[in-house]
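Throughout, a chain's letter reflects where its sequence line sits, starting with A, and its residues are numbered from 1. Being a predicted model, the structure only gives us computed values, none of them experimental.
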Number of protein chains: 2
Amino acid sequence: MDGSGEKKPAKRRSQERVLQRDPERTRAAILEAATREFAENGMGGARVDAIAERAGTNKRMLYHYFGDKEQLYLHVLEEAYVGIRTAERELHIGDRSPEEGIAELALFTWRYFLKHPEFLSLLGTENLHRARWLRQSVRLKELHSHLIVELTEVLDRGKKTGVFIDAADPLNVYLTIASLGYFYISNQYTLSTIFGRDLAEKGNLDAWERHIVHVTLASIKA
Amino acid sequence: MDGSGEKKPAKRRSQERVLQRDPERTRAAILEAATREFAENGMGGARVDAIAERAGTNKRMLYHYFGDKEQLYLHVLEEAYVGIRTAERELHIGDRSPEEGIAELALFTWRYFLKHPEFLSLLGTENLHRARWLRQSVRLKELHSHLIVELTEVLDRGKKTGVFIDAADPLNVYLTIASLGYFYISNQYTLSTIFGRDLAEKGNLDAWERHIVHVTLASIKA
DNA sequence: CCATCAAGTAACTGTTTGGTTACTGGCCGG
DNA sequence: CCGGCCAGTAACCAAACAGTTACTTGATGG
């Protein structure tokens, strides 16, 4: 997100000169810095000064673009949800056989969680506060119905052809997949400590990936 | 913990009179208040003044008994781990058939999590900080080997009688049980919000309890 | 019965924090 | 070519914070 970014031509006029004033770039930098700061320290631990410094700007701009710390946090959270749901939508789990579709969703979810620990961390923070900010969000409520609808279709198709049990419930299936991925990754530090095994090791990660697919399918297979 | 607690007779001398100075009671009150404060607000959000007030004492005592905020937090965390592992040990999952033993462990874990959300919250906080404080703890490392040993025995017995698959791994089984319980409870607020279904409702909780047992057994049954 | 020491209180301190104010400088329309 | 506007800066502020100091109270053993 940083580093390789070419200087944007700044809407108003195309110019090659290094622009200090680039509102969109500044805004994006703040959002990205805030994502990291909130993910690493939680709402209570995140520091506004630290976000400004990480973004290479200062607090004035942060308050200018986002109002206050809480609104900035909500923006970060919304962006994170949009990120996973957007990627998920491009899967088209209905294009294959029901079993392959479910396996694909499980793999995608696991790998997305693994690649975006900051998303899991934000979820953790938000739940600590009982979804205080998420509940205020208007944008996000409908973002999720798509997932359940698509999953319902895949499961129904599998039930008709007799590969899935009738009791298979779409929400339960998704929660099962998400549970197994979320817990392993977000709790890896305490788990590795108390069980004396490094869960982040490649071999263990691969084994758990296979385990998730196995468990998910085993729980709904006829 | 409060309210119904009879006045302790204060070691040194039995007396019915209401004692203001009762070191053990004060210590316990601080620990209990700190547990709630840390669970509700995380390490970064917890306030030392709030803990003192909740405990009905003041900061001086808190620093007197526990050193500083971080050490107090570590005490709280250790206490929480000792709590679940102690209760778990009394299960004796080896006393029944292997299948019943695993089901029993799954039920126990789910119900313990449900009854002690503050434990889940503390785990979340500790993992946010990558087990920074837990790693310092000497007491806790061996507390967990017992669980794995007992679980290994139960699984081996099931493998011999042919009810479990050979690939069944004790750590994986425990992680599966814990994942399904942890995620559902600790993420109930965001999940209920985005899916528009109240996961804390009795019917849903009971269904998930059955689901956990079903999934766990389905994943290891021959 | 009083000297001693631990339990307990409250007011204080230096620092950090979220948020603000007063200011600078570049750009664009008229 | 200039007046107003908007991106950006830095110094500032009051409140909140973790941790401390100076003090009071009460039980107990010699």
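- In this structure, B:Y73 places its OH atom 15 Å from P of D:dA18, rounding to the nearest Å.
- For C:dT9, the OP1/OP2 oxygens have a side-chain nitrogen or oxygen of B:N58 closer than 4.0 Å.
- In this structure, A:F108 and A:Y112 have tilted ring planes: the angle between them lies in the 30° to 60° band.
- Remark: A:T57 is in phosphate contact with D:dT9, judged by side-chain N or O atoms under 4.0 Å from OP1 or OP2.
- Note that the CD1 atom of B:I194 and the CG atom of A:L140 stand 8.5 Å from one another [nearest 0.5 Å].
- Between the CG atom in B:L120 and the CD1 atom in B:I84 there is a gap of 8.0 Å [rounded to 0.5 Å].
- With sequence neighbours left out, the ring-ring contact (aromatic ring centres under 6.0 Å, His included) criterion links A:F66 to A:H75.
- Evaluation of the salt bridge (charged side-chain N to carboxylate O under 4.0 Å, His left out) rule for B:R47 yields no partner, not counting sequence neighbours.
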Compile the donor-acceptor pairs under 3.5 Å between side chains in residues 177-185 of chain B and protein atoms, sequence neighbours left out, one pair per line.
residue: B:S179; atom: OG; partner: B:L175; partner atom: O; Å: 2.6
residue: B:Y184; atom: OH; partner: B:L199; partner atom: O; Å: 2.8

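- The CG-C1' distance, from B:L62 to D:dT20, rounds to 13 Å in whole Å.
- Per the geometry, CD belonging to B:E53 stands 13 Å off P belonging to D:dA18, to the nearest Å.
- A:I30 has its CD1 atom 11 Å from the C1' atom of D:dA7, to the nearest Å.
- For the pair A:H64 and D:dG8, the criterion of a side-chain N or O lying under 4.0 Å from OP1 or OP2 is not met.
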Secondary structure of DNA chain D per the Watson-Crick/G-U criterion (both distances under 3.5 Å; [ ] crossing, | other strand, . unpaired) is ||||||||||||||||||||||||||||||
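- Scanning for salt bridge (charged side-chain N to carboxylate O under 4.0 Å, His left out) contacts around A:R197 gives an empty result, with sequence neighbours left out.
- The pair A:E70-A:R132 meets the salt-bridge criterion, with a side-chain N (NZ, NE, NH1 or NH2) lying under 4.0 Å from an Asp/Glu carboxylate O.
- Between B:E37 atom CD and D:dA16 atom C1' there is a gap of 14 Å when expressed in whole angstrom units.
- Atom CZ in A:R27 sits roughly 13 Å away from atom P in D:dG8 (whole-Å rounding).
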Quick tally for nucleotides 16-22 of chain C: nucleotides whose base has a protein heavy atom under 4.0 Å get B, sugar-phosphate-only ones S, the rest -, giving -SBBBBB
Let me see the working for A:R27 and A:E24 under salt bridge (charged side-chain N to carboxylate O under 4.0 Å, His left out), right down to the final yes or no.
-> CA-CA 5 Å; A:R27 217 189 110 100; A:E24 287 172 46; over 6 Å; no
